[in-house]
Amino acid sequence: MKNINRFRLLAVLLLLVMSALSINAQPTIAEQIPVRGFSIAAPGSGAVDQFVSFIENDLATRQINVLILRVDYNYQYKSHPELWDENALSEQDVKKLVAVCGEHGIRIVPQINLLGHQSWAEGLGNLLKVYPEFDETPSVQMPEEYEWPNEDGLYCKSYCPLHPGVHEIVFALVDELLDVFEAFDFHAGMDEVFYIGMEECPRCSGLDKANLFADEVWRIRNHLAEKERKLWIWGDRLLDGKTTGLGMWEASMNNTHRAIDMIPKDVFICDWHYERPDKTAVYFAMKGFEVATCPWRNPEVARVQIQDMIGFRSGSTLEMKEKFQGVILTNWSSAEGFMKNYYDESGADGVKEMLSIFE
């Protein structure tokens, strides 16, 4: 009888200990948000091995499971070699990235900027450089020295979404890129589109800008859907810059925001805010989209955004919970420049602290 009582006492004590441990144990960030991402430019061919090491030793160890790689024309496309960057990635280079990400359960989302971001500062992007007929604003000449603001309202050029030849070329690039990266998700950019539906365009003049933007989202989405692939875009053009006070950069001041009610709900939204932890992820989720919040260079804001995302998930219905997918850190330097700062303590500029927010 005494042995039985001792056994019962030990069992009760064990249950109490286990209960206390479960109460005190805090779930990790990885256990609370499905998407823990990092977005950066793809490295040039000469930096691939260093970038592979960075993925293995610095991204995977922080439970990062999504890598958005801005490739654009930094790949040796067989379909359109005239669009290559200098020192573009080879197929062998890409397979090294695919292999290390596969080993660590990291989903690669390759990106080509579509619609907007067809130029930067004083330089045209490769698409408009080689195919100037696709330019939405051919009368706007690239300046010798770029400054903002300027008389032309030039931030970045756009291609004309109604030009009959543009999609044959860009979709060939998209397909080839997704094939070589063995990817089922594609990021089309589509942020900061200031030139759309311009009066001087013989095809777009007089058309509703929201319709033009939404139709382009549908074209890209439908092309990807033919092979069961998914479209990702930045969310800023779908927010009303005036009503929200977010302005022309983080939101739209040229009426494209109405497109949010015109585009398919299976588009993944990357909702970027850098200086404040704005809660617009709730808006996207309530509109029916999967959404991730995307910070940059401000660890304090990023930590609030992570806690917000955890709170949105824990405080939502089952139907809404899975709309709040997680957080994706962004970086807007080259991969080489980022890694130099990352490994050089004197010039780190907070990049390590940003990556540490997932720990």
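Identified under the ring-ring contact (aromatic ring centres under 6.0 Å, His included) test for residues 197-216, with sequence neighbours left out: none.
Residue Met286 qualifies as open at atom CE: its count of foreign heavy atoms under 6.0 Å is 12 or below. The local environment of NZ in Lys242 is sparse, with at most 12 non-hydrogen atoms from other residues, nucleotides or ligands closer than 6.0 Å.
Checked for salt-bridge contact, Lys287 and Asp261 meet the test: a charged N lies under 4.0 Å from a carboxylate O. Under the 4.0 Å criterion applied to side-chain N and carboxylate O atoms, Arg297 and Glu353 are not assigned as salt-bridge partners. Using a cutoff of 4.0 Å between basic side-chain nitrogens and carboxylate oxygens, Arg237 and Glu192 are not scored as salt-bridged. Under the 4.0 Å criterion applied to side-chain N and carboxylate O atoms, Lys230 and Glu290 are assigned as salt-bridge partners. Ion pairing of Asp152 with Lys157 is absent here, as no side-chain N (NZ or NE/NH1/NH2) approaches a carboxylate O to less than 4.0 Å.
Ring planes of Tyr342 and Phe338: parallel class, angle under 30° (limits at 30 and 60°). By the 30° and 60° cut-offs, the orientation of the rings of His117 relative to Trp120 is parallel. Using a 30° and 60° split on the angle between ring planes, Phe134 and His163 fall in the perpendicular class, above 60°. Taking the six-membered ring where tryptophan is involved, the planes of Trp148 and Phe194 are tilted, since the angle between them lies from 30° to 60°.
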